[in-house]
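Structure first, commentary second.
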Amino acid sequence: MSIGTLENNLSRALELLGGSIDPEIVETYPSLEARILAQALENVEIAEQRLREIQKLVGELEGVLV
């Protein structure tokens, strides 16, 4: 893979993350690639927590609405 392609891929990956990486992740991981992957995993974990909370709230609403 050429350097230009790698840079394009990393830029696109950062774009998909929303353009930012948590400062703790930056301090923990030495390479940009590892930081991107760690941030993506963190984002998935946050999304799963939010989904569980939404499911709980909607479930509570369904009980009230029925």
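When a residue number appears, it is its place in the shown sequence, counting from 1. What you see below is based on every heavy atom in this structure, not just the backbone, and it leaves out hydrogens, waters and symmetry mates.
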Problem set entry | Interatomic distance, Ile36 atom CD1 to Leu14 atom CG [nearest 0.5 angstrom] | 4.0 Å
Exercise. So which pairs with a foot in residues 32-41 pass salt bridge (charged side-chain N to carboxylate O under 4.0 Å, His left out), sequence neighbours left out?
Worked result: none
Exercise. CD1 of Ile3: more than 12 outside heavy atoms within 6.0 angstrom?
Worked result: no
For this session: Just jot down the salt bridge (charged side-chain N to carboxylate O under 4.0 Å, His left out) partners of Glu53, sequence neighbours excluded, or say none.
Result: none
Exercise. Would the number of heavy atoms belonging to other residues, nucleotides or ligands and lying under 6.0 Å from CD of Glu45 be above 12?
Worked result: yes
For this session: Using side-chain contact (heavy atoms from CB on, under 4.5 Å) as the criterion, point out the one residue from Lys56, Arg50, Glu48 that pairs with Arg52.
Result: Glu48
Problem set entry | ILVMFWY network linking Leu6 to Ile21, side-chain heavy atoms under 4.5 angstrom | yes
Exercise. Atom CD in Glu7, atom OG1 in Thr5: separation rounded to 0.5 Å?
Worked result: 9.5 Å
Exercise. Any chain of hydrophobic side-chain contacts (each under 4.5 Å) joining Val26 to Leu32?
Worked result: yes
For this session: To the nearest 0.5 Å, tell me how far Asn43 CG sits from Leu17 CG.
Result: 6.0 Å
For this session: Calculate, to the nearest 0.5 Å, the distance between atoms CD1 and CG belonging to Ile46 and Leu41 respectively.
Result: 10.0 Å
Exercise. side-chain contact (heavy atoms from CB on, under 4.5 Å) with Glu42: which of Asp22, Ile25, Leu37?
Worked result: Ile25
Exercise. Could you state the interatomic distance from CG (Asn9) to OG (Ser2), rounded to the nearest 0.5 Å?
Worked result: 9.0 Å
